[in-house]
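Since we're looking at a predicted model, the values are computed, not measured. Keep in mind that the numbers below use all heavy atoms, side chains included, and drop hydrogens, waters and symmetry copies.
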Amino acid sequence: QVQLVESGGGLVQAGGSLRLSCAASGRTSSSYTMAWFRQAPGKEREFIAAISSSGRSTVYLDSVKGRFTISRENGKNTVFLQMNSLKPEDTAVYYCAADSRAVSSWRPPYSFVDYWGKGTLVTVSS
């Protein structure tokens with residue numbers, strides 16, 4: 001079992017930045033691919049980014065490339081999402097996810113994802 005707890009959400013003005021954190025616990029959490037998803041009101045959950053267990057490989061949703069950066073610190077079993085140049089359309093609940101599947105295999109649908117956090121709300125005001 002892997003437990004995931006997100007933090008760092010909040011209210012920010014457009015153009016601002018936030019850094020989300022996801023603390024993972026569990027015996028093999030450091031060996032998992034970690035990812036961030038988000039779900040805006042009235043919309044389906046959307047993949048944002050994933051990072052390999054080593055941290056050397058990443059994939060991103062096209063619309064966040066250049067603005068968001070996923071990283072991880074395995075010694076602390078924590079994954080981060082640095083979000084810059086935030087836009088009102090980035091408003092959503094952001095979820096951390098983990099799965100043993102290699103990052104290169106992360107494609108929709110994401111029904112294979114084994115572990116989810118409960119989410120943290122990010123609100124971007126215009």
Side-chain angles (χ1 to χ4, degrees):
Q1 285 284 343
V2 175
Q3 294 79 41
L4 305 171
V5 179
E6 303 95 336
S7 61
L11 175 64
V12 63
Q13 287 189 333
S17 298
L18 277 177
R19 189 193 197 202
L20 304 183
S21 299
C22 172
S25 60
R27 256 176 44 183
T28 59
S29 59
S30 62
S31 66
Y32 279 63
T33 294
M34 302 292 292
W36 289 95
F37 288 72
R38 66 185 179 188
Q39 187 166 17
K43 295 189 177 181
E44 294 188 352
R45 191 172 296 189
E46 176 182 53
F47 170 84
I48 300 172
I51 187 167
S52 64
S53 57
S54 68
R56 287 192 287 267
S57 297
T58 56
V59 292
Y60 291 93
L61 175 70
D62 283 348
S63 64
V64 306
K65 284 181 181 177
R67 297 192 299 126
F68 291 9
T69 303
I70 189 171
S71 61
R72 69 189 295 163
E73 189 170 341
N74 282 341
K76 295 183 179 180
N77 286 340
T78 304
V79 63
F80 304 97
L81 185 68
Q82 177 66 44
M83 305 187 294
N84 299 327
S85 302
L86 283 162
K87 306 174 182 180
E89 52 263 42
D90 293 318
T91 294
V93 177
Y94 283 70
Y95 297 91
C96 182
D99 192 83
S100 57
R101 190 171 295 207
V103 67
S104 58
S105 300
W106 281 59
R107 298 183 185 88
Y110 297 97
S111 54
F112 61 83
V113 175
D114 280 338
Y115 302 106
W116 295 92
K118 294 185 177 181
T120 185
L121 176 62
V122 172
T123 304
V124 184
S125 63
S126 57

When rounded to the nearest 0.5 angstrom, what distance separates CE in M83 from CZ in R19?
-> 11.5 Å
Are W36 and V113 connected in a single hydrophobic cluster, I mean Ile/Leu/Val/Met/Phe/Trp/Tyr linked by side-chain heavy atoms less than 4.5 Å apart?
-> no
Using the rule that two of Ile, Leu, Val, Met, Phe, Trp, Tyr join whenever any of their side-chain heavy atoms come within less than 4.5 Å, decide whether F80 and I51 are in one cluster.
-> no
salt_bridge(D90, K87) N-O dist < 4.0 Å | no
Can you tell me if T33 and D99 form a side-chain donor-acceptor pair at under 3.5 Å?
-> no
Which atom pair, heavy atoms only, marks the closest approach of S53 to R72?
-> CA-NH1, 3.2 Å
Euclidean distance, N74 CG relative to S31 OG, rounded to 0.5 Å | 9.0 Å
Give the ring-plane orientation class for F112 versus W106, where under 30° counts as parallel, over 60° as perpendicular and anything between as tilted.
-> perpendicular
Is F47 reachable from Y94 through a run of I, L, V, M, F, W or Y residues, each pair having side-chain heavy atoms under 4.5 Å apart?
-> no
What one should report as the nearest heavy-atom pair of R38 and A92 is CB-CB, 3.8 Å
To the nearest 0.5 Å, how far apart are CG in L86 and OG1 in T91?
-> 8.5 Å
Should F68 and V103 be counted in the same cluster of Ile, Leu, Val, Met, Phe, Trp and Tyr side chains packed under 4.5 Å apart?
-> no
Flag side-chain contact, heavy atom, 4.5 Å: L20 against E6 | no
Return the minimal non-hydrogen interatomic distance between G9 and V122, and the atom names on each side.
-> CA-CG2, 4.1 Å
Write down the atom of C96, the atom of V79, and the distance for their closest heavy-atom approach.
-> SG-CG1, 3.8 Å
Please check if V124 and F37 belong to a single hydrophobic cluster, counting links between Ile, Leu, Val, Met, Phe, Trp and Tyr side chain heavy atoms closer than 4.5 Å.
-> no
Shortest non-hydrogen separation from M34 to C22 and the atoms involved = CE-SG, 4.2 Å
Start with the C-alpha distance between E73 and T78, add both sets of side-chain angles, then the distance that settles side chain to side chain donor-acceptor pair (under 3.5 Å), and finish with yes or no.
-> CA-CA 5 Å; E73 189 170 341; T78 304; over 6 Å; no
Between Q82 and S17 the two heavy atoms that sit nearest each other are NE2-CB, 3.9 Å
Give the ring-plane orientation class for Y95 versus W116, where under 30° counts as parallel, over 60° as perpendicular and anything between as tilted.
-> perpendicular
Can the positive tip of R45 be found less than 6.0 Å from the middle of the six-membered ring of Y110, inside 45° of the ring normal?
-> no
